[in-house]
Q: 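The structure is given below, and queries will be raised subsequently.
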Protein chains: 2
Amino acid sequence: MTVWDRPEPPTRPAPLDRERIVAAAVALADEGGLEAVSLRKVAARLDVGPMRLYGYISTKEELFDLMVDEVHAEILPEERPGDWREALRGHAHRTRRAALRHEWLADLLGGRPALGPNALAVSEATLSAFDGRTDIDVVMRAVETVSAYFTGAIRREVADLRAERATGLSKDEWQRASGPYLTRMLDTGRFPALARLVHDGTDVDAETSFSTGLDWILDAVAAKLGEPPV
Amino acid sequence: MTVWDRPEPPTRPAPLDRERIVAAAVALADEGGLEAVSLRKVAARLDVGPMRLYGYISTKEELFDLMVDEVHAEILPEERPGDWREALRGHAHRTRRAALRHEWLADLLGGRPALGPNALAVSEATLSAFDGRTDIDVVMRAVETVSAYFTGAIRREVADLRAERATGLSKDEWQRASGPYLTRMLDTGRFPALARLVHDGTDVDAETSFSTGLDWILDAVAAKLGEPPV
DNA sequence: TATAGATAGAATACAGTGTATCGACATGAG
DNA sequence: CTCATGTCGATACACTGTATTCTATCTATA
């Protein structure tokens, strides 16, 4: 009679709590996207009836909010940023990387105010890089502008990624050669400027494009904060 | 026997087409948000069985795409913009206004590539304001940056609007006084920079904030396009 | 004209969804 | 031991997107 043939005790399910629920939901979303997250599936993954969840969560939207806050833990900077520029840039890039790890984040980003503790901590970290500044309205505008930018940019990047994946073609192939509908549209001659851009524009990788736009905005912010232009 | 007592002919339903379907869907969404749009309700509004729609649309997502393109008709500029700056600014503001008329647009914006004819026409209009420029990569980055910004900014604005509406409180009241959860969080002292900003920051109306951020970015773009700083 | 075939449309069906409600059971208090 | 309380599971409801199947109506041919 060893450990191995002795039957395990009737494994009473590990006690439920929000953390476990959110973790299960995140796992599901990572695997199959947001639409793979259903309360029934989350519950199943925890060996629990669907209704149990309502003891910890009052609606599915709330679960989504919790998921968003959960990944904000990954967005927290590890060390104090050197200056405000580094803080804003880091915030943007870490959010982007989190969204590439959890693509469903792109669907939720900006969809509702993010007020969870981790999200607040992220804001705090970013803002604290502006400590000592008195022009706090400019600071506020700066943070808002940058986060509007990266929200939009990340959404677009993920959207493009999915579209690309759906056709199984590389972006280059898709845009230039085959993508039959778009090619046809551009060939109508109704969109000359657009056609020229698609045809002659060099396409840069997503990260560079993200960074470039971000840096432009940071330059603008610097100007508004009264720093001398480079 | 007048027209009035003569029974109408058995009103055979107006012939179905995409336009009518999309219009019905948009109407539903305007009234009750995106979640009020179900194929059954759209069909019902057209006095038609749900399955009829599949002759014109192959999936619900496709319907959403069509809806997005439909409102892009409202985003088309009425007259040719004076210069690129006016073009970009106009594009942003018209998109914002469209999203305030059709809040559900905020949920869809940036969620998938917008390639419908109207969306393409909007891009074309914007791009054509750069006609004659040879630095087309810079132009591309400029357009992308600006549209990333307004996508994100619009989403946040609508999200805030809804949150505000949900509590029935004015933004001011909500942020400062009652919003019990947030106040409690800020009172923990864990978010001093954030607390200070919420407390001391003057809150400007959404439109001004949108415009300000946009203008900053346009300034940055101008710099990159090699125009002298103001 | 009669009949076969094609086709458009409705009805039904299925596998899921979020969530309200209700009933059993366990646990703690008197 | 009894009773109250409160937790948890099962059941139920109204709805979703979409596949399939059936039934009329129209077309074309014999």
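Chain A is the first sequence line, chain B the second, and so forth, proteins listed ahead of strands; every chain is numbered from 1.
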Q: Please tell me which of the listed nucleotides, C:dG18, C:dT17, D:dG17, lies nearest to the side chain of B:Ser38?
A: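 Output: D:dG17.
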Q: Out of curiosity, B:Leu214 CG to A:Thr145 OG1, how far, rounded to the nearest 0.5 Å?
A: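 If we round to the nearest 0.5 Å, B:Leu214:CG and A:Thr145:OG1 are 9.5 Å apart.
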Q: Rounded to whole Å, please give me the gap between CZ in A:Phe64 and C1' in C:dG18.
A: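 About 11 Å, once rounded to whole Å.
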Q: Under 6.0 Å from the six-membered ring centre of B:Phe210 and within 45° of its axis: does the NZ or CZ of B:Arg96 meet both?
A: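 Output yes; distance and angle both within limits.
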Q: Determine, stepwise, if the pair A:Glu78 / A:Arg94 fulfils salt bridge (Lys or Arg N to Asp or Glu O under 4.0 Å).
A: CA-CA 11 Å; A:Glu78 312 198 333; A:Arg94 285 192 311 274; over 6 Å; no
Q: Can a side chain N or O of B:Arg52 be found less than 4.0 Å away from OP1 or OP2 on C:dA8?
A: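 It does not, given that no N or O in the side chain of B:Arg52 lies less than 4.0 Å from OP1 or OP2 of C:dA8.
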Q: Mind checking what makes ring pair (Phe, Tyr, Trp, His ring centres under 6.0 Å) contact with A:His72, not counting sequence neighbours?
A: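 For A:His72, no residue satisfies ring pair (Phe, Tyr, Trp, His ring centres under 6.0 Å) once neighbours in sequence are set aside.
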Q: Let me know the distance between CG of A:Leu39 and C1' of C:dA20, rounded to the nearest Å.
A: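 It is 14 Å, rounded to the nearest whole Å.
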Q: Among C:dG9, D:dA10, C:dT17, which is the nearest nucleotide to the side chain of A:Lys60?
A: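 Closest of the options to the side chain of A:Lys60: C:dT17.
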Q: To the nearest 10 degrees, what angle separates the axes at the start and end of the helix from C:dT1-D:dA30 to C:dG30-D:dC1, five pairs each?
A: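 Here the helix ends are tilted 30° relative to one another.
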Q: Atom CE of A:Met51 and atom P of C:dT19: how far apart are they, to the nearest Å?
A: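 Computing the A:Met51:CE to C:dT19:P distance gives 8 Å.
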Q: Under 3.5 Å, is there a donor-acceptor pair linking the side chains of A:Ser123 and A:His91?
A: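 The answer is no; no qualifying pair exists.
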Q: For A:Leu63 and C:dG18, give me the distance from atom CG to atom C1', rounded to whole Å.
A: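 It works out to 12 Å between those atoms.
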Q: Can you tell me if B:Glu124 and B:Ser128 form a side-chain donor-acceptor pair at under 3.5 Å?
A: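 Distance-only check fails for B:Glu124 and B:Ser128.
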Q: Quickly work out the B:Lys41 NZ to D:dC15 P distance and round it to whole Å.
A: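 It works out to 8 Å between those atoms.
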Q: Could you tell me the separation between the CD1 atom of B:Ile57 and the P atom of D:dA19, rounded to a whole number of Å?
A: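 Those two atoms, CD1 and P, are 14 Å apart.
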Q: Could you give me the CA-CA distance, side-chain angles and deciding distance for B:Arg165 and B:Glu103, then say whether salt bridge (Lys or Arg N to Asp or Glu O under 4.0 Å) is met?
A: CA-CA 13 Å; B:Arg165 198 147 49 205; B:Glu103 283 188 15; 2.6 Å; yes
Q: Of the options C:dT19, D:dG17, C:dA11, whose atoms approach the side-chain atoms of B:Tyr54 most closely?
A: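 So the nucleotide nearest the side chain must be D:dG17.
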Q: To the nearest Å, how far apart are A:Glu35 CD and D:dT18 P?
A: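 Atom-to-atom, A:Glu35 to D:dT18, this comes out as 11 Å.
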Q: For a quick test of reading the model: is some side-chain N or O of B:Thr59 closer than 4.0 Å to OP1 or OP2 of D:dT18?
A: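 True: B:Thr59 side-chain N/O within range (under 4.0 Å) of D:dT18 OP1/OP2.
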Q: Could you check how far CD1 of B:Ile21 sits from P of C:dG9, rounded to whole Å?
A: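 Nearest whole value for this atom pair: 11 Å.
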Q: Counting only distance, no hydrogens or angles, is the base of D:dG17 paired donor-acceptor with the side chain of B:Arg40 under 3.5 Å?
A: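 By the distance-only test, yes, there is a pair.
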